[in-house]
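In what follows, residues are counted from 1 in the order of the sequence shown. Counting starts at 1 for both ligands and their atoms, in listed order. Because the structure is predicted, anything quoted here is derived from the model rather than measured.
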Amino acid sequence: MQAKILLAGATGYLGRYLVQALLKQDKGFVALGRSLKKLGAMGLGEAQIKLAQVTDPMSLAGCCDGIDIVISCVGITRQKDGLNYMDVDYQANINLLEEAERSGVKKFIYISAFNAPNYQSVRMLYAKEQFAQRLLSSQMLEPCVIRPNGFFSDIEAFYAMAKAGRAYLFGWGDVKVNPIHGEDLARFCLEAAELSSHQGSQPKDSYLNDSPHKAKQTWRPRQDKRELAIGGPDIFSIKELAQLAFKAMDKPEKLMYLPDWVRKLALAVAKQLPERVGGPAEFFLTVSGQDMVAPAYGEHHLLEHFKSLS
Ligand SMILES: NC(=O)c1ccc[n+]([C@@H]2O[C@H](COP(=O)([O-])OP(=O)(O)OC[C@H]3O[C@@H](n4cnc5c(N)ncnc54)[C@H](OP(=O)(O)O)[C@@H]3O)[C@@H](O)[C@H]2O)c1
């Protein structure tokens, strides 16, 4: 029988691609969110919508009844609810996990972030990792933590700079990253949903890439499938990302190099600011300081994505 999925954080960037993929694959699923307006506009039927507030355990009561797999994309990125990362990325996901454990859910997939365990002084990543560790220690269901690299949605910041006329880079812009498109990541999450910890798995050949900046294929079939790091198919230096944005618009490139001490100083300031103001900057300035190259996956390329924004 087909597994039934509960998707939390369905109204976000990744959540929307997951909903599209689930609809396309005709999977049995329920999308959980707090805004009926947003959920209703996503092409979902009434039976596919569960209205609940993940920060309120009472409102989650019964949401996992009859569910086999929970996928949670819940987390603060740009929301301005006056809540902090421990309230949402940690506690709201705990609320959902406890409800899943109570209801006998078989598997819980959580979307964390690449390298989160290595950056525990970053408040967002600390909250995410606290939850990930609680999930990984669950004895009542099969845990799976997916740690994706930056999403194309975040890399659009380079497009915005290029559109404004100038892109600012730290150091020589030589730090490397392989961002991933939401559609590729959604497909990866659904493949993970199908994996059982007893199965081996290889990426399908069509997902291997042949672009000039091709990432070395580092997916390991014997990788512990409880924790899956993942990035997009192409590796770029930050300078190349900025150049690509100018190229997509057919504009002459204007790059401005800022010494790396500017990043370090801004990071020290961001760490002193309240989370609402300093949290996203603290995350961005930390991960901009060193290479972030995850195992490669996917078919979407950034140049086409930037062009689609024009
Ligand atoms: N963006 C990236 O580059 C990136 C990279 C690696 C990992 N991640 C992680 O991947 C996950 C998904 O990212 P995304 O870009 O899809 O995020 P997103 O677009 O901001 O979506 C986040 C989801 O969480 C929900 N949410 C946030 N605060 C909430 C609250 N107080 N109460 C109830 N629901 C709340 C949002 O609901 P509403 O729509 O109702 O606000 C939304 O459905 C996040 O945990 C993020 O940290 C992101």
Student: Check each heavy atom of Ser112 against ligand 1 and say whether those closer than 4.0 Å belong to the side chain, the backbone, both or neither.
Tutor: backbone
Student: Any N or O on Asp89 sitting closer than 3.5 Å to an N or O of ligand 1?
Tutor: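 N/O-N/O distance below 3.5 Å does not exist for this pair.
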Student: So which protein heavy atom does atom 34 (N) of ligand 1 come closest to, and at what separation?
Tutor: Arg34 NE, 3.6 Å
Student: Please report whether ligand 1 has a polar contact with Phe151, defined as an N or O pair separated by less than 3.5 Å (distance criterion only).
Tutor: yes
Student: If the cut-off is 4.0 Å to any non-hydrogen atom of Asp154, which atoms of ligand 1 fall inside it?
Tutor: 1 (N), 2 (C), 3 (O)
Student: Checking contacts here: is it the side chain or the backbone of Thr11 that comes within 4.0 Å of ligand 1, counting heavy atoms only? Could be both or neither.
Tutor: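 The answer is both.
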Student: Check whether any N or O atom of Pro148, backbone or side chain, sits under 3.5 Å from an N or O atom of ligand 1, and answer yes or no.
Tutor: no
Student: Kindly confirm or rule out an N or O of Lys38 lying under 3.5 angstrom from an N or O of ligand 1.
Tutor: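 Yes; the residue has a nitrogen or oxygen that sits under 3.5 Å from a nitrogen or oxygen of the ligand.
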Student: Please indicate whether any nitrogen or oxygen in Gly9 is less than 3.5 Å from any nitrogen or oxygen in ligand 1.
Tutor: yes
Student: Can you list every side chain to side chain donor-acceptor pair (under 3.5 Å) pair that touches residues 52-63, not counting sequence neighbours?
Tutor: Gln53-Thr55
Student: Would you call the rings of Tyr297 and Phe188 parallel, tilted or perpendicular, where under 30° means parallel and over 60° means perpendicular?
Tutor: perpendicular
Student: Taking distance alone, with N or O pairs closer than 3.5 Å, would you say Thr55 contacts ligand 1?
Tutor: no
Student: Is the backbone of Met86 close enough, under 3.5 Å, to the side chain of Asn84 for a donor and an acceptor to pair up by distance?
Tutor: yes
Student: State, with a plain yes or no, whether a side-chain heavy atom of His305 is found less than 4.5 Å away from one of His300.
Tutor: no
